[in-house]
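Just below is one structure, and these are the notes that go with it.
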Amino acid sequence: MARFTLPRDLYHGKGSLEALKDFDGKRAIVCVGGGSMKRNGFLDRAIGYLKEAGMEVELFEGIEPDPSVETVMRGAEVMQKFQPDWIVAMGGGSPIDAAKAMWIKYEYPDVTFEDMCKVFGLPKLRQKAHFCAISSTSGTATEVTAFSIITDYEKGIKYPIADFEITPDVAIVDPELAETMPVKLVAHTGMDAMTHAIEAYVSTANCNYTDPLAIWAIKMIQKHLVKSYNEDMESRDQMHDAQCLAGMAFSNALLGIVHSMAHKTGAAFKNGHIIHGAANAMYLPKVIKYNSKDDTAKKRYGEIADYMGLGGSSDDEKVDLLIKYLRQMNDDLNIPHCIKNYGEGGLPAEEGIVPEDEFLEKLHDIAANAILDACTGSNPRQPSQEDMEKLLKCCYYDTEVDF
């Protein structure tokens, strides 16, 4: 038996933020990040709509990119005092992910972060509050997923929390919010969405319910991502839907080792973060080549290439054409091809922010942690420690995957 779970309600299209006016409750806490929602007026609108619904509103601001365990615990304390019956998270993936983890701790104050990370092991939520997610970026799709990514900065590791209990009750996918994204964010979140869709399609947990969502998302991203990056607002709006479809697919079909590697390299190096979407963009072509040694995965990558109209007369050719296309997308979006050339802010650089000696020193542990990541189990090929180290080296140096 398999399960397919999505939010109870999804409001989409311009002006869908207004759905907050019809919420039924007494108290709502609004969780936001670094200020873009406030600067662009969306936060005030959301608070106004909730008050119009008759609710008392508390604000939890300043959730950082790649939110920490400490932020989660602090937010849960605020919730304990305020006792909301609605948690409304708005912004990019970070505030929504953080608010999901806060929700768990709010409902179960004795739960530890380690308990939260037990895959599909959470107790029943919704004893105290329901959850609404409002996405402002077109990539993570956390507004419709059963996942949250929280960073333990002491260990330098990002941990995925995975459980259908944290799938939001309501998702609001209003493209007006995404139109304010800086272009670098468009690029990184867009490639995150492409990775979601491709990994979901070849995941060992794919099914008839997830495949149409994944393949249609890929087609939309192919058509609209680069245009969105080049400030075409119609394409920007379309990308907001595309990433949400990709999220619906991967939340139910799960992911693969592109994400495992991105989770374990993101916070591992002392000179700065490897931005999640950029990590996915760099690693995806290498992982496709690695996974294509599995015949079933190769066939499904070939189907993706066919659907994208890339040509090729054999599955091997189609895999190579898919890789070539994705590498060109990275060029079009000004994303580097490898860790060695990953510069400040995720831009290509002759000398990146991760020195070779530090990478090699940490390689064994990063590989071991990536294998243990929750996303590895549904990858088409199960990597050994040796394979994972070799694959990470290919992602560092941009060398060919031939194993």
Side-chain angles (χ1 to χ4, degrees), residues 2 119 160 162 191-215 217-219 221-222 246 249-265 279-308 310-327 329 337-338 366-396 398-403:
V119 178
M191 286 308 292
D192 191 19
M194 180 64 102
T195 306
H196 290 156
I198 291 174
E199 287 208 293
Y201 195 75
V202 301
S203 159
T204 56
N206 75 75
C207 69
N208 289 335
Y209 294 87
T210 60
D211 282 353
L213 294 163
I215 205 78
I218 290 166
K219 187 72 171 176
I221 295 165
Q222 178 190 18
F250 91 78
S251 186
N252 292 279
L254 309 179
L255 292 165
I257 58 172
V258 179
H259 272 77
S260 303
M261 294 157 64
H263 292 154
K264 301 321 182 202
T265 52
N280 283 337
M282 293 188 295
Y283 308 162
L284 179 59
K286 304 302 183 189
V287 169
I288 289 173
K289 192 67 174 179
Y290 174 78
N291 283 343
S292 68
K293 299 293 192 292
D294 174 271
D295 288 340
T296 302
K298 184 197 293 185
K299 182 174 180 295
R300 289 184 74 82
Y301 287 131
E303 289 169 2
I304 290 171
D306 285 343
Y307 205 74
M308 294 173 71
L310 302 183
S313 57
S314 69
D315 283 334
D316 285 315
E317 280 185 27
K318 291 171 186 178
V319 165
D320 288 341
L321 287 166
L322 177 59
I323 290 169
K324 182 180 178 183
Y325 187 92
L326 292 168
R327 287 177 65 89
M329 279 191 90
H337 289 295
C338 61
I366 290 170
N369 288 328
I371 289 169
L372 293 173
D373 189 88
C375 294
T376 299
S378 47
N379 194 69
R381 263 183 97 184
Q382 288 301 298
S384 64
Q385 175 74 19
E386 181 186 6
D387 276 0
M388 185 59 84
E389 289 187 22
K390 286 165 70 176
L391 192 51
L392 283 160
K393 280 185 176 179
C394 290
C395 291
Y396 185 85
D398 193 18
T399 48
E400 288 297 316
V401 177
D402 57 2
F403 52 94

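Please read all numbers here as calculations on a predicted model, not as lab measurements.
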> Is there a side-chain contact between Ile304 and Tyr201 (heavy atoms, below 4.5 Å)?
Replying inline: yes
> Taking it one step at a time, do Leu310 and Gln222 satisfy side chain to side chain contact (heavy atoms under 4.5 Å, CB included)?
Replying inline: CA-CA 11 Å; Leu310 302 183; Gln222 178 190 18; 4.2 Å; yes
> Which atom pair, heavy atoms only, marks the closest approach of Ala246 to Ala217?
Replying inline: N-CB, 3.7 Å
> Between Asp294 and Arg300, is there a side-chain N and carboxylate O pair less than 4.0 Å apart?
Replying inline: no
> Taking the side chain as C-beta and beyond, is there a heavy-atom pair between Glu303 and Lys318 under 4.5 Å?
Replying inline: no
> Is there a donor-acceptor pair under 3.5 Å between the side chain of Thr376 and the backbone N or O of Leu372?
Replying inline: no
>> If you count every heavy atom of other residues, nucleotides or ligands that lies below 6.0 Å from Lys293 atom NZ, does the total exceed 12?
In response: yes
> Any Lys/Arg nitrogen of Lys393 or Glu389 sitting under 4.0 Å from an Asp/Glu carboxylate oxygen of the other?
Replying inline: no
>> Show the nearest heavy-atom pair for residues Ile371 and Pro383, with the distance to one decimal.
In response: CD1-O, 3.9 Å
> Side chains of Arg381 and Ile257: does their closest heavy-atom pair fall under 4.5 Å?
Replying inline: no
> With a 4.0 Å cut-off, would you call Arg327 and Asp398 a salt bridge?
Replying inline: yes
> So do the side chains of Leu391 and Phe403 get within less than 4.5 Å of each other, counting heavy atoms only?
Replying inline: yes
> How would you list, by chain and number, every residue that makes a side chain to side chain donor-acceptor pair (under 3.5 Å) with Lys289, sequence neighbours excluded?
Replying inline: Asp320
>> Determine whether a donor-acceptor pair (N or O, by modelled atom type, separation under 3.5 Å) exists between the side chain of Ser260 and the backbone of Asp373.
In response: no
> Between Met191 and Asn280, does a side chain to side chain contact (heavy atoms under 4.5 Å, CB included) hold up when you go through it step by step?
Replying inline: CA-CA 7 Å; Met191 286 308 292; Asn280 283 337; 5.8 Å; no
> Out of Ile215, Leu255, Leu284, Val258, which one pairs with Ile198 under the side chain to side chain contact (heavy atoms under 4.5 Å, CB included) rule?
Replying inline: Leu284
